[in-house]
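In this text, all values refer to a predicted model and were calculated from it rather than measured experimentally.
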Amino acid sequence: CGQDQAAADKTGITDWGGCFNIRNIAGSNNWSNHSWACAVDISPTTNGFNVTDTTIAHPVIDAFKAQGALWGGDYTGRKDPMHFEFVSR
């Protein structure tokens, strides 16, 4: 974004949802990957569960995926486009 704060804000990257949080997966008794700080949520304000048209810029999504993150917007079933996790499947 060329050190342009307004441009960074437009990508969704500055709307931080969090990382480390010891909790279960929403609607489950299984531990969330946030419990081990291997997941982050970005732009939760506009990218909640089952949102299909993400507001996160594709260069941001692509950058996380290039580093090996799984993106919740690619999930089958319940979409979670704010969610990126670094785990093996």
Side-chain angles (χ1 to χ4, degrees):
C1 295
Q3 298 182 2
D4 180 336
Q5 186 64 49
D9 292 344
K10 285 183 182 179
T11 70
I13 195 73
T14 60
D15 181 10
W16 181 246
C19 181
F20 180 65
N21 184 7
I22 299 173
R23 64 175 180 79
N24 289 340
I25 297 169
S28 168
N29 290 323
N30 298 318
W31 289 108
S32 165
N33 287 322
H34 289 283
S35 300
W36 291 276
C38 58
V40 298
D41 289 339
I42 296 173
S43 199
T45 306
T46 54
N47 291 279
F49 288 127
N50 291 319
V51 168
T52 55
D53 293 324
T54 184
T55 60
I56 301 171
H58 285 280
V60 173
I61 295 166
D62 294 344
F64 272 91
K65 288 173 143 184
Q67 297 303 311
L70 300 176
W71 178 47
D74 288 335
Y75 292 171
T76 57
R78 183 178 76 171
K79 302 284 185 190
D80 192 4
M82 76 176 92
H83 187 78
F84 296 87
E85 59 185 359
F86 291 90
V87 297
S88 60
R89 294 256 177 188

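Atoms CG and OG1, on D53 and T46 in that order, are 11.0 Å from each other to the nearest 0.5 Å.
F84 and L70 are members of different hydrophobic clusters when ILVMFWY side chains are connected at heavy-atom separations under 4.5 Å. Criterion: ILVMFWY side-chain heavy atoms under 4.5 Å apart, direct or through other members. Under it, I56 and F64 are part of a common hydrophobic cluster. Under the 4.5 Å side-chain heavy-atom criterion for Ile, Leu, Val, Met, Phe, Trp and Tyr, W31 and F20 are members of the same hydrophobic cluster. In the hydrophobic clustering of ILVMFWY residues, with side-chain heavy atoms under 4.5 Å counting as a link, I61 and F86 come out together.
At distances below 3.5 Å, at least one donor-acceptor pair connects side-chain atoms of N47 with backbone N or O atoms of T55. K10 contributes no side-chain N or O that, together with a main-chain N or O of A6, makes up a donor-acceptor pair within less than 3.5 Å. At distances below 3.5 Å, at least one donor-acceptor pair connects side-chain atoms of S35 with backbone N or O atoms of R23.
Salt bridge present: D74 and K65 bring a charged side-chain N and a carboxylate O closer than 4.0 Å.
A26 pairs by the side-chain contact (heavy atoms from CB on, under 4.5 Å) definition with F49, R78, not counting sequence neighbours. Listed by chain and residue number, nothing satisfies the side-chain contact (heavy atoms from CB on, under 4.5 Å) test with T76 (two or more places apart in sequence, or in another chain). Taking the side-chain contact (heavy atoms from CB on, under 4.5 Å) definition, one finds that W16 meets it with C19, V40, I42, sequence neighbours left out.
Minimum interatomic distance between S43 and G12 (heavy atoms only, all atoms of both residues): CB-O, 3.5 Å. Considering all non-hydrogen atoms of both residues, M82 and G48 come closest at CE-CA, 3.7 Å.
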Point to revise | Residue pair W71, E85: steps toward the side-chain contact (heavy atoms from CB on, under 4.5 Å) verdict | key: CA-CA 7 Å; W71 178 47; E85 59 185 359; over 6 Å; no
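Remark: of the listed residues I13, T14, D15, I13 is the sole one forming a side chain to side chain contact (heavy atoms under 4.5 Å, CB included) with T11.
Side-chain contact check for D41 and H34: at least one donor-acceptor pair (N or O, by modelled atom type) lies under 3.5 Å.
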